[in-house]
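One-based numbering along the sequence shown.
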Amino acid sequence: MRLAVAQPPCVPLDVAANARAHADAVRAARARVVVFPELSLTGYEVQGPVVSVDDPRLAPLVDACAEAGTLALAGAPVAGDHIGVLAVTGDGVTVAYRKMWLGGAEAQRFRPGDTPGVLEVDGWRVGLAVCKDTGVAAHAQRTAALGIDVYAAGVLEFARDAAVPDERAQRIATTHRVWVAVASFAGSTGGGYTEAAGRSAIWTPQGDVAARVNTAPGEWTATTLH
């Protein structure tokens, strides 16, 4: 299975523009699964409105997924006031996961999800995570217990903390013997993130980096899982 991570440019709260940027990444990567960062469709705007699964602004991303045969995992605020992962295919959009471990000011607006998320794609089981989830050992344990092959996370970190997702990803990969895909926000966004870390990457079950990009918005990378 071809798996990609992408860090598209993001316009604050402009879901239409951001969906088009996601669609560009999907078409470029031509991967079966493309993972995007936390709140990638809105930016890290904690008070931003919910994005519904039938939002017409998502149509360009749905179309791109139909053309490329892709499952896109995009981030947005979702109904119930959760930080969500939207599963986007050529057939439409569903809420696949709700962030379980909230950080900082998030708890003032959002509620934590209570259930790990796993999607099956062509026989591969993909576990889902968002940012702080990756730093909580119990999250990876509960998700891995559902029998996963891949742990896919959308994250946002300050550039000065770029080593944090790397350390977490390698630990999860080697502890649970799974592929780990981390899509890390690049550029600037709300919440004081004037310089986000970027450096999205994919790790093998042995903890080695299989693919990585740099820090610029618009970058993506992919690898084939065997």
Check Asn18 against Cys10 and note the closest heavy-atom contact, atom names and distance. OD1-CA, 3.3 Å

Would you kindly confirm whether Leu102 and Val85 end up in one hydrophobic cluster when ILVMFWY residues are joined by side chain heavy atoms under 4.5 Å apart? yes

Side-chain donor-acceptor pairs under 3.5 Å in residues 153-171, sequence neighbours left out?
residue : atom : partner : partner atom : Å
Asp166  : OD1  : Arg212  : NH1          : 3.4
Asp166  : OD2  : Arg199  : NH1          : 3.1
Asp166  : OD2  : Arg212  : NH2          : 3.0
Arg168  : NH1  : Thr134  : OG1          : 3.3
Gln170  : NE2  : Gly207  : O            : 3.1

What's the verdict on side-chain contact (heavy atoms from CB on, under 4.5 Å) for Val53 and Val95, showing C-alpha distance, side-chain angles and the deciding distance? CA-CA 7 Å; Val53 296; Val95 178; 3.8 Å; yes

Validation row: Ser52, Leu58 side chains within 4.5 angstrom (heavy atoms): no

Any donor-acceptor pair under 3.5 Å linking the side chain of Gln7 with the backbone of Ala183? no

hydrophobic_cluster_shared for Val78 and Val93, side chain cutoff 4.5 Å: yes

Under 3.5 Å, side chain of Thr70 to main-chain N/O of Ala72, donor-acceptor pair present? no

Is it the case that over 12 heavy atoms from other parts of the model lie below 6.0 angstrom from the CH2 atom of Trp101? no

Salt bridge (charged side-chain N to carboxylate O under 4.0 Å, His left out) against Arg57, all qualifying residues, sequence neighbours excluded: Asp55

Who passes ring pair (Phe, Tyr, Trp, His ring centres under 6.0 Å) against His139, sequence neighbours left out? Tyr97, Tyr151

Starting at CG of Asp114, measure out to CE of Met100 and round the result to the nearest 0.5 Å. 6.5 Å

Under 3.5 Å donor-acceptor, Thr204 side chain and Asp208 backbone: yes

Taking side chain to side chain contact (heavy atoms under 4.5 Å, CB included) as the criterion, tell me which of Val178, Thr143, Val150 meets it with Val126. Val150

Membership question, hydrophobic clusters at under 4.5 Å side-chain separation (ILVMFWY): are Phe185 and Val213 in the same one? no

Gln141 side, atom CD; Leu146 side, atom CG - distance, nearest 0.5 Å: 12.5 Å

Donor-acceptor pair, side chain of Thr194 and main chain of Ser188, under 3.5 angstrom: no

Residue pair Ala21 / Pro9: nearest heavy atoms and the distance that separates them: CB-O, 3.8 Å

Contacts of type salt bridge (charged side-chain N to carboxylate O under 4.0 Å, His left out), residue Asp14, not counting sequence neighbours: none

Criterion side chain to side chain contact (heavy atoms under 4.5 Å, CB included) against Trp124, the qualifying member of Asp149, Leu3, Ile148: Asp149

Leu61 and Trp220: same hydrophobic cluster, using ILVMFWY side-chain contacts below 4.5 Å? no

What are the two closest heavy atoms between Val26 and Ala68, and how far apart are they? CG1-CB, 4.0 Å

Side-chain donor-acceptor pairs under 3.5 Å in residues 30-47, sequence neighbours left out?
residue : atom : partner : partner atom : Å
Arg30   : NE   : Arg27   : O            : 3.2
Arg30   : NH1  : Glu67   : O            : 3.4
Arg32   : NE   : Asp122  : OD2          : 2.8
Arg32   : NH1  : Gly69   : O            : 3.1
Glu38   : OE2  : Lys99   : NZ           : 2.8
Ser40   : OG   : His22   : NE2          : 2.8
Ser40   : OG   : Pro37   : O            : 3.4
Ser40   : OG   : Gly75   : N            : 3.0
Tyr44   : OH   : Glu106  : OE2          : 2.7
Glu45   : OE2  : Gly190  : N            : 3.3

Test item: Leu73 and Leu128 side chains (from C-beta on) under 4.5 Å apart, heavy atoms: yes

For the pair Asp81 (side chain) and Arg111 (backbone), establish whether a donor and an acceptor sit closer than 3.5 Å, ignoring hydrogens and angles. no

Please report the closest heavy-atom contact between His82 and Pro112, naming both atoms and the distance. CE1-O, 3.6 Å

Shortest non-hydrogen contact from Gly198 toward Ser184: O-OG, 2.9 Å

Using the rule that Ile, Leu, Val, Met, Phe, Trp and Tyr join whenever any side-chain heavy atoms are under 4.5 Å apart, tell me whether Met1 and Leu119 fall into a single cluster. yes

Atom pair CD1 (Ile202) and OG1 (Thr224), whose distance is rounded to the nearest 0.5 Å: 9.0 Å

Heavy atoms of Gly48 and Leu13 approach each other most closely as CA-CD2, 3.7 Å

Residues passing the salt bridge (charged side-chain N to carboxylate O under 4.0 Å, His left out) test with Arg177, sequence neighbours excluded, are none

